[in-house]
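Have a look at the structure below before the remarks.
What you see is a predicted model, and the numbers here were worked out from it, not measured in a lab. Just so it is clear: chains get the letters A, B, ... in the order the sequence lines come, proteins before strands, and each one is counted from 1. Side chains are part of it too, since the values below use all heavy atoms of this structure and drop only hydrogens, waters and symmetry mates.
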Number of protein chains: 2
Amino acid sequence: MVLMVVTKYAKKILEIVESSRSHMTAEQIFEQLRITYPKVVLATVYNNLNRLWDENRIRKVSVEGMADRYDRIVRHDHLVCKRCGKLLDVDLGDLTVQLEQKAGISILSYDLKLLYLCEECRTNTKQKGT
Amino acid sequence: MVLMVVTKYAKKILEIVESSRSHMTAEQIFEQLRITYPKVVLATVYNNLNRLWDENRIRKVSVEGMADRYDRIVRHDHLVCKRCGKLLDVDLGDLTVQLEQKAGISILSYDLKLLYLCEECRTNTKQKGT
DNA sequence: ATAAACATTAGAATTATTCTAAAAATGGTG
DNA sequence: CACCATTTTTAGAATAATTCTAATGTTTAT
């Protein structure tokens with residue numbers, strides 16, 4: 001149970017997620033994967049993403065009300081525009097130890113999102129919409 | 001634009017969310033609301049939840065792959081079981097200032113989830129890694 | 001009282017994601 | 001290699017969650 005990611009699809013999917021800095025959705029990963037393997041099916045992408053996530057090889061990022069996004073595992077945090085959902089990377093350093101101490105429990109990882117209003121949303125309009 | 005939450009539905013929904021400690025889904029809130037207003041419709045619940053969230057009167061909590069949950073605004077963090085998605089409250093104190101400093105940006109709020117494996121999931125099965 | 005603005009409804013429509021069962025690929029064994 | 005067990009992929013149906021649309025109802029301000 002040490003060697004994982006054997007299939008070509010899993011391998012390529014991991015590659016896609018890791019080489020992208022753009023928090024792709026399953027659908028986008030699917031499109032990307034299709035370039036190399038035109039026969040592949042969306043369910044396969046979901047299967048593999050779930051497996052990779054289970055094995056801690058990718059991160060899953062969920063923003064309220066939007067499709068889940070997948071991200072490389074390298075630790076970093078996210079800045080999320082509360083209005084349009086735009087996601088940016090930001091690195092606040094590793095808070096694991098601090099958090100474990102405060103919580104008094106040992107954790108697998110943590111997920112930190114800072115909610116703000118992006119430039120556009122701030123200037124554009126004061127009501128909702130992207 | 002200062003007085004909000006005027007309608008009976010919004011009022012009651014806010015009441016339900018605030019008086020519950022259980023991170024309810026829209027569906028559950030709907031059921032609860034129906035006790036008082038049997039005529040109400042699910043879309044109304046979504047409309048109101050979205051409005052309340054927009055107005056910062058409730059929190060929305062999303063756990064990967066599950067329906068969004070709604071929560072009172074009182075600051076606290078969450079412990080999420082990575083396997084079963086179970087959600088628990090935990091309070092690590094207010095990190096806003098620290099985070100704003102590290103990020104060098106002013107934020108509306110933040111969302112911190114600690115991922116762990118709950119007792120049950122830890123003992124139950126060892127398949128799927130971890 | 002009337003018009004403008006906002007809220008609610010019903011149900012269809014859209015998305016995202018999982019499930020199911022069958023077919024295909026892979027792996028190890030004798 | 002030949003066989004069986006296991007895992008992966010496929011296609012498409014199924015399930016959820018959430019939004020949209022258009023009509024209708026309610027409230028507010030004039």
Side-chain angles (χ1 to χ4, degrees), chain A residues 1-14 16-17 23-34 36-55 57-58 60-71 83-85 87 125-130, chain B residues 1-14 17 23-34 36-55 57-58 60-71 83-85 87 127-129:
Chain A
M1 272 294 167
V2 185
L3 243 212
M4 295 148 171
V5 179
V6 270
T7 76
K8 63 181 182 185
Y9 291 135
K11 200 183 293 192
K12 187 69 185 173
I13 287 171
L14 182 58
I16 289 170
V17 172
H23 315 101
M24 302 170 93
T25 61
E27 191 71 49
Q28 293 170 322
I29 292 165
F30 175 54
E31 289 311 332
Q32 195 70 33
L33 184 63
R34 249 137 81 99
T36 312
Y37 301 111
K39 297 300 201 54
V40 80
V41 146
L42 185 55
T44 298
V45 175
Y46 276 107
N47 287 342
N48 281 294
L49 286 172
N50 283 336
R51 188 135 31 82
L52 288 168
W53 179 67
D54 255 22
E55 294 169 357
R57 301 173 136 270
I58 58 176
K60 205 188 268 197
V61 184
S62 53
V63 178
E64 308 71 29
M66 317 188 80
D68 284 351
R69 282 142 193 288
Y70 297 87
D71 204 354
R83 185 106 35 159
C84 70
L87 215 71
T125 161
K126 43 201 45 192
Q127 41 168 23
K128 70 169 308 198
T130 289
Chain B
M1 276 286 173
V2 184
L3 243 213
M4 295 147 173
V5 179
V6 270
T7 77
K8 62 181 181 181
Y9 291 133
K11 200 183 293 192
K12 187 68 186 173
I13 287 172
L14 182 57
V17 172
H23 314 101
M24 302 169 94
T25 61
E27 192 70 48
Q28 294 170 321
I29 292 166
F30 176 52
E31 289 310 331
Q32 194 69 35
L33 185 63
R34 247 136 82 100
T36 312
Y37 300 112
K39 297 300 202 53
V40 82
V41 146
L42 186 55
T44 299
V45 174
Y46 276 107
N47 287 342
N48 281 293
L49 285 172
N50 282 337
R51 188 134 32 80
L52 289 168
W53 179 67
D54 255 21
E55 294 168 356
R57 302 173 135 269
I58 59 177
K60 205 188 270 197
V61 184
S62 53
V63 178
E64 308 72 28
M66 317 188 81
D68 284 351
R69 282 140 192 288
Y70 297 87
D71 204 353
R83 183 109 36 166
C84 70
L87 215 72
Q127 60 167 213
K128 285 185 138 196

Separation of [Y] [atom2] from [X] [atom1] (nearest 0.5 Å):
X: A:Arg51; Y: A:Thr7; atom1: CZ; atom2: OG1; answer: 6.0 Å
X: A:Leu33; Y: A:Lys8; atom1: CG; atom2: NZ; answer: 9.5 Å
X: B:Leu49; Y: B:Asp54; atom1: CG; atom2: CG; answer: 11.5 Å

| field | Heavy-atom pair of closest approach, residues B:Glu64 and A:Lys60 | value |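 It is CB-CD, 3.2 Å.
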| For A:Gln32, which residues count as a side-chain contact (heavy atoms from CB on, under 4.5 Å) partner, sequence neighbours excluded? |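 Once residues adjacent in sequence are excluded, the partners of A:Gln32 under the side-chain contact (heavy atoms from CB on, under 4.5 Å) criterion are A:Ile16, A:Met24, A:Ile35.
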| Residue list, side-chain contact (heavy atoms from CB on, under 4.5 Å) with A:Glu27, at least two apart or on another chain |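 A:Glu27: side-chain contact (heavy atoms from CB on, under 4.5 Å) contacts with A:Thr25, A:Phe30, A:Glu31, A:Leu42.
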Specify the separation, in whole Å, of atom [atom1] of [X] and atom [atom2] of [N].
X: B:Lys11; N: D:dT26; atom1: NZ; atom2: C1'; result: 15 Å
X: A:Arg34; N: D:dA11; atom1: CZ; atom2: P; result: 11 Å
X: B:Gln28; N: D:dT18; atom1: CD; atom2: P; result: 11 Å
X: A:Glu55; N: D:dT7; atom1: CD; atom2: P; result: 13 Å
X: A:Glu64; N: D:dA17; atom1: CD; atom2: P; result: 17 Å

| For every nucleotide of nucleotides 7-20 of chain C, 5' to 3': is a protein heavy atom under 4.0 Å from its base (B), only from its sugar-phosphate (S), or from neither (-)? | SSBSB----SBBB-
| query | What is the bend of the helix from C:dA1-D:dT30 to C:dG30-D:dC1 when you compare the axis at one end with the axis at the other, using five pairs each and rounding to 10°? | reply |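 The end-segment axes of the helix from C:dA1-D:dT30 to C:dG30-D:dC1 are tilted 30° relative to each other.
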| query | Which residues pass the ring-ring contact (aromatic ring centres under 6.0 Å, His included) test with A:Tyr9, sequence neighbours left out? | reply |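 Partners of A:Tyr9 by the ring-ring contact (aromatic ring centres under 6.0 Å, His included) criterion, ordered by chain and then number, come out as A:Tyr37.
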| message | For B:Asp71, give me all partners under side chain to side chain donor-acceptor pair (under 3.5 Å), at least two apart in sequence or on another chain. | response |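 With sequence neighbours excluded, B:Asp71 shows a side chain to side chain donor-acceptor pair (under 3.5 Å) to B:His76, B:His78, given in chain and number order.
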